[in-house]
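The model shown is predicted, which means the values in this text are computed figures rather than measured ones.
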Amino acid sequence: MTAIETKKLSYKYGIGTPFEIKAVDDISLTVEKGSFLGIIGHTGSGKSTLIQHLNGLLKPTHGEILINERNIWTKEVNIRSIRFEVGLVFQYSEHQLFEETVFRDIAFGPKNIGLSEEEIKARVMRAAQAMGVHENWLSRSPFDLSGGQKRRVALAGVIAMEPQILVLDEPAAGLDPYGRDKVLTKIKEYHENSGITILLVSHSMEDIVKYADKVIVMNKGGLFLYEKTDKVFSHADEIVEIGLDVPQITRLARLLKARGIDIGDDIYTVERAKARILELLGKAKK
Amino acid sequence: MLKDITIGQYFPGDSVIHRLDARFKIVFSILAAAMLFTAQNFIGLGIAAVFIIMCYAVSGIRFRMILKSLKPIVPLIIFTGVLNLFFIKGEEILLSWWIITIHTDGLRTSAFMVVRIITLITGMSLLTYTSSPIMLTDAIESLLSPLKKLRFPVHELAMMMMIALRFIPLLIEETDKIMMAQKARGANLDAKGLIKKAKALIPILIPLFISAFKRANELAMAMECRCYRGGEGRTRLKKLKASILDFLAFGLILCVFGIIIANNFAF
């Protein structure tokens, strides 16, 4: 089953003004249900514009988008219902908090769906637990929490709508290393427990390859690369060429390879590099 | 989208008019307005209009912009025109039909008023088209500085204006982002009915206010860290300087003014 499909999707900002820019250029891709997809690219590469199409916040200038095999820009589809199917968490999502208590803020989405009180409560509880939002925060004001805690409350607010597809734009941006790890592990856990499709947009290649099983690299509005995580770094040269970073350990593997020690093109974690190096050393001893 | 709104109508350029001192330009605008109200007949008004159009030609601002500046006052123009047309009575009747009578004097006054308003707005717009908001606030501060003697907080006022202008685009961008985020959570922003509409605004206004206050706080802190302490003894990076050009322009305007006054007596 495909969760998301785009056909020749293009989007221009500022049509008819001197400032017209093609932000997304002719992107065709399919995303399998249940996958964890990472999207990486420079600022201005069109990542954010692309993901705002997925829940119908932007209407493509050209091309089509299919969510759960349904074209979302036809008359039969109510675009608001798509927003409940595809949860979108923006960058610095803590800026969207507004309610008096954490509970009511998380409940905002489910309330908009029009669920019953009990269902809303159950969903808030589930979402709070999934994001590690402590039960005794629920009655407090969201503005009394720390940055990382606010971020997780905002994430819970989207997760509480229980969307089948969750799109996260830089969920860890601007957090300290502890908050970063916490948010990303919670998201990974949630993916494993719920089996929904997750798209994670990030600047950091290390974060992406650590969590995603497939990776999209975007460049200048176009699809530059769409590969399984294992295979991404066989394109390491091209990735470096468009100015993106590869993980430190991948860089080490490439330097070793240049000196005649090939430990493989699929090195992006220290564990795997260690295993390969030990393997090679073992062989060398024999 | 909200982003498409432009605040401030400054068109950067390098024409003679752009290079004039903003303080002089404000004075010129006031003089031009006075000129328009001094003119008592069409000839005087015509001279003033031609003068303003020539200024536009020199400034390099496209004539299409004149129409744009007139757009918001179309209702006022129509209102003035119609009111004068029907309510000014003279001796000569131009047209009489049912209860409507139009006098020749009415037609003349109405046309005169309409032309006067149009030239007035066109002339005033040239000021904002050719001077950046920062130049204008600086100029206002400098022109109002005599009021300092009366303990009027001139510098503070100018600083407030400048900060407000600086933050408008940021706030618009922020509103856009928050709207998107709440829409993604299913907020129904196009709800019908007054109460529902007001309620739908809460999720946007509260985060917006919070971030605006936060920004204000941070700005105040940053200013204090750099020892900002108001206007007294403060020097500027870009000093407004009057040049020969400004005095020449001043002379030119006074000439035109003189011609218009002379014209009033001649006819």
Side-chain angles (χ1 to χ4, degrees), chain A residues 13-17 19-20 48-49 51-52 54-59 78-100 104-115 127 141-143 150 154-161 163 166-169, chain B residues 1-13 60-62 64-65 68 129 167 169-193 195-218:
Chain A
Y13 281 109
I15 292 175
T17 69
F19 310 107
E20 188 176 303
S48 294
T49 312
I51 59 167
Q52 281 170 32
L54 302 178
N55 69 346
L57 281 175
L58 293 178
K59 191 175 178 177
N78 174 4
I79 206 70
R80 224 175 132 222
S81 72
I82 296 296
R83 311 241 161 97
F84 304 128
E85 260 172 70
V86 184
L88 176 57
V89 184
F90 278 88
Q91 257 176 58
Y92 298 104
S93 45
E94 62 273 23
H95 291 330
Q96 69 183 33
L97 301 175
F98 71 99
E99 272 288 10
E100 283 163 55
R104 288 178 56 167
D105 208 288
I106 299 178
F108 181 67
K111 234 184 228 162
N112 285 328
I113 306 181
L115 299 169
S141 160
F143 302 108
K150 274 189 208 165
L155 280 167
V158 173
I159 284 172
M161 303 194 299
L166 185 61
V167 185
L168 305 142
D169 194 354
Chain B
M1 255 205 300
L2 276 172
K3 252 182 222 161
D4 301 329
I5 302 173
T6 47
I7 304 280
Q9 316 176 286
Y10 176 50
F11 288 89
I61 303 287
R62 268 175 287 167
R64 205 156 36 124
M65 296 317 299
K68 207 184 146 195
Y129 285 155
F167 276 85
L170 274 177
L171 281 180
I172 289 178
E173 205 184 301
E174 197 124 323
T175 316
D176 221 34
K177 269 190 202 153
I178 294 170
M179 268 167 76
M180 290 276 225
Q182 304 300 22
K183 264 192 193 162
R185 291 210 279 169
N188 200 355
L189 298 184
D190 346 283
K192 297 224 163 64
I195 293 175
K196 271 192 184 160
K197 247 185 195 151
K199 261 191 175 164
L201 279 179
I202 293 175
I204 292 163
L205 288 182
I206 291 181
L208 191 64
F209 272 105
I210 287 171
S211 84
F213 281 126
K214 221 156 105 194
R215 245 185 239 285
N217 228 334
E218 278 164 15

Exercise. Just by distance, do the side chain of A:D105 and the backbone of A:F98 share a donor-acceptor pair under 3.5 Å?
Worked result: yes
Problem set entry | Heavy-atom side-chain contact between A:N112 and B:N188 under 4.5 Å | no
Exercise. Below 4.0 angstrom, N of the basic side chain to O of the carboxylate: do A:K150 and A:E94 qualify?
Worked result: no
Problem set entry | Pairs of heavy atoms under 4.5 Å with chain B: top-ranked of A:Q96, A:H95, A:R83, A:K111 | A:Q96
Seminar exercise, completed: Given A:F108, A:F84, A:F143, the one with more heavy-atom pairs under 4.5 angstrom with chain B than any other is A:F108
Problem set entry | Which atoms of A:L97 approach chain B - backbone, side chain, both or neither, heavy atom under 4.5 Å | backbone
Exercise. Checking B:L208 against chain A: side chain, backbone, both or neither under 4.5 Å from a heavy atom?
Worked result: neither
Exercise. Between B:I178 and B:Q182, is any pair of side-chain heavy atoms under 4.5 Å apart?
Worked result: yes
Seminar exercise, completed: The interface call for A:Q52 against chain B, heavy-atom contacts under 4.5 Å, is side chain
Exercise. Hey, is the main chain of B:G186 close enough, under 3.5 Å, to the side chain of A:R80 for a donor-acceptor pair?
Worked result: yes
